[in-house]
Amino acid sequence: MSSVVISGTGLYQPPHIITNAELVASFNAYVEKFNAEHAAEIEAGTVTALSPSSVEFIEKASGIKQRYVMDKAGILDVDRMYPRLQPRADDQLSLMAEIAVEAAKKAMAAAGKQGSDIDAVICSSANMQRAYPAMAIEVQQAIGARGYGFDMNVACSAATFALEQAINAVRSGSASCVLVVNPEITSAHQEWKDRDCHFIFGDVCTAVIVERGETATAADQWEVLGSQLATQFSNNIRNNFGFMNRSEDSDPLARDKTFRQEGRKVFKEVVPIAAAHIEAQLASLQREPSQVRRFWLHQANQGMNQLVIKKLINAEATQDVAPLILDEYANTASAGSIIAFHTHRADLVSGDVGVICSFGAGYSVGSVVLRKR
Ligand code: CO8
């Protein structure tokens with residue numbers, strides 16, 4: 001059976017940064033405005049006054065310090081509080097495809113591939129810009145790839161679940177070189193007016209090239225030792241936006257049509273699931289967590305990653321063991337663990353083993369065990 005390798009990764013970083021201070025200043029201005037406008041109802045007890053956010057809370061509770069976004073002005077505008085994205089004509093490259101192509105070009109350059117070398121494109125992210133045609137097929141055309149393309153969504157685990165599809169396609173011979181892209185424009189489905197979650201997400205796109213070991217020519221190659229996926233239904237992270245909203249006569253701007261979660265429950269329930277998942281997968285490969293050189297974990301919360309590592313190797317999650325990128329990028333849904341892999345692997349040497357692992361909405365957990373060639 002042919003060996004499968006990751007031979008290149010790419011990262012697209014949006015043009016704007018919002019710091020916690022900027023975000024909190026705008027959120028708190030919105031709160032003051034809301035409370036002033038609803039003073040009579042608040043006084044009468046028919047409307048609940050909103051509470052301000054704080055930079056200290058955000059940094060202590062999550063570890064996030066800033067986020068990259070596609071549009072800063074719309075998000076910080078207290079009369080809007082979501083990005084302003086320009087609509088495009090059907091014959092223009094759509095926004096998600098555009099950032100996917102940017103990341104893909106970098107991954108292809110790293111892997112030494114042309115568009116014509118790619119024979120499958122998987123676009124996998126927490127939300128798609130449209131129902132069809134698939135974003136992946138648009139990307140396929142834009143980079144001049146052959147074969148086929150399809151979209152998939154497993155929320156926070158969209159990237160690792162797509163990697164497994166790519167790995168299996170290469171392993172089975174149905175494709176020889178697969179491009180996986182994860183365009184995450186989280187800012188468009190984040191609820192910027194909700195104090196509990198307004199600080200959580202950032203925009204980004206990652207890309208990964210998966211191919212047969214025999215065809216790989218990149219200097220930096222990572223052999224796939226195994227991948228493992230698991231899901232367990234939970235309503236604790238949910239977004240009800242969907243194609244039936246109109247038929248249900250439900251308000252498209254209602255709170256349930258953007259991201260919402262029971263953050264504390266997610267934290268408590270997902271940490272043991274993720275740690276047990278990684279441990280079981282390593283055991284199936286006759287390895288101990290202590291033999292893993294680096295864990296590239298999902299980037300939702302600094303404390304979660306610390307606890308996962310504590311459970312796995314009873315040690316602190318230092319930057320060397322489990323690098324954190326969410327301080328700079330925030331939670332980028334499925335792209336977080338791939339950003340960590342992209343930005344923190346250059347120091348590993350041949351034979352080193354690492355684990356990419358995502359966890360979150362669904363619930364879903366996906367892990368890929370890699371060995372540097
Ligand atoms: N400022 C000040 N105080 C605040 C704020 C704020 N912004 N928010 C809440 N508080 C207060 C609360 O009111 C509460 O006060 P009190 O104790 O008086 O009741 C106190 O702070 C503590 O609140 P919480 O219990 O909510 O705070 P936590 O310590 O649990 O921290 C977190 C909140 C950071 C959200 C934390 O629970 C967390 O990170 N949980 C895990 C979340 C997680 O992993 N989620 C998965 C995300 S889903 C995903 O990754 C992809 C989904 C698909 C993408 C969607 C894109 C939009």
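Ligands are counted one by one from 1 in listed order, and the atoms in each one are counted from 1 as well. If you read the sequence from its start, that first residue is 1, and numbering goes on from there.
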For the residue pair Arg264 and Phe267, would you count it as a cation-pi contact if the rule is NZ or CZ under 6.0 angstrom from the ring centre and within 45 degrees of the ring axis? no
Provide the number and element of each atom of ligand 1 under 4.0 Å from a heavy atom of Asn331. 47 (C), 49 (C), 50 (O)
With distance as the sole criterion, is a donor-acceptor pair present between the side chains of Gln190 and Ser187 under 3.5 Å? no
Distance to 0.1 Å, residue and atom name: give those for the protein heavy atom nearest to atom 42 (C) of ligand 1. Gln261 OE1, 3.3 Å
Ligand 1 versus Asn127: contacting region, heavy-atom distance under 4.0 Å: neither
Could you check which of Phe267, Phe57, Phe259, Phe201 puts a non-hydrogen atom nearest to atom 33 (C) of ligand 1? Phe57
Note: ligand 1 atoms sitting under 4.0 Å from heavy atoms of Ala126 are 53 (C), 54 (C)
For ligand 1 and Ser62, I'd like to know whether there is a polar contact (N/O to N/O, distance under 3.5 Å). no
In this structure, are over 12 heavy atoms from other groups packed under 6.0 Å from Gln291 atom CD? yes
Just say parallel, tilted or perpendicular for the rings of Tyr68 and Tyr329, cut-offs at 30° and 60°. tilted
Geometry only, no angles: is Gln190 polar-contacting ligand 1 at N/O separations under 3.5 Å? no
Side chain to side chain donor-acceptor pair (under 3.5 Å) test vs Ser7 passes for just one of Arg212, Gln221, Glu211, Arg373, namely Glu211
Does Arg264, backbone or side chain, put an N or O under 3.5 Å from an N or O of ligand 1? yes
Under 4.0 Å from atom 19 (O) of ligand 1, can you find at least one protein heavy atom? no
Give a yes or no on whether Lys311 atom NZ has more than 12 heavy-atom contacts from other residues, nucleotides or ligands under 6.0 Å away. no
Would His189 and Phe201 satisfy side chain to side chain contact (heavy atoms under 4.5 Å, CB included), going step by step from the backbone distance to the final call? CA-CA 9 Å; His189 48 101; Phe201 292 103; over 6 Å; no
Contact between Gly360 and ligand 1, counting heavy atoms under 4.0 Å? no
Cut-off 3.5 Å, side chains only: do Glu59 and Asn20 have a donor facing an acceptor? yes
Distance-only polar pair, side chains of Asn236 and Arg238, donor-acceptor under 3.5 Å: no
Option whose closest heavy atom lies nearest to atom 52 (C) of ligand 1, chosen from Cys156, Gly63, Ala155: Cys156
Please state whether the rings of Tyr148 and Phe150 are parallel, tilted or perpendicular, taking 30° and 60° as the class boundaries. parallel
N or O contact, Ala361 vs ligand 1, cut-off under 3.5 Å: no
At what distance is the nearest protein heavy atom to atom 36 (C) of ligand 1, and which residue and atom is it? Asn301 ND2, 3.8 Å
Any idea which atoms of ligand 1 are less than 4.0 Å away from a heavy-atom of Ile237? 46 (C), 48 (S)
Under 4.0 Å from one or more heavy atoms of Asp196, ligand 1 contributes atoms 8 (N), 9 (C)
Would you call His298 a ligand 1 contact, heavy-atom distance under 4.0 Å? yes
Using distance alone, decide if ligand 1 has a nitrogen or oxygen within less than 3.5 Å of any nitrogen or oxygen in Ser54. yes
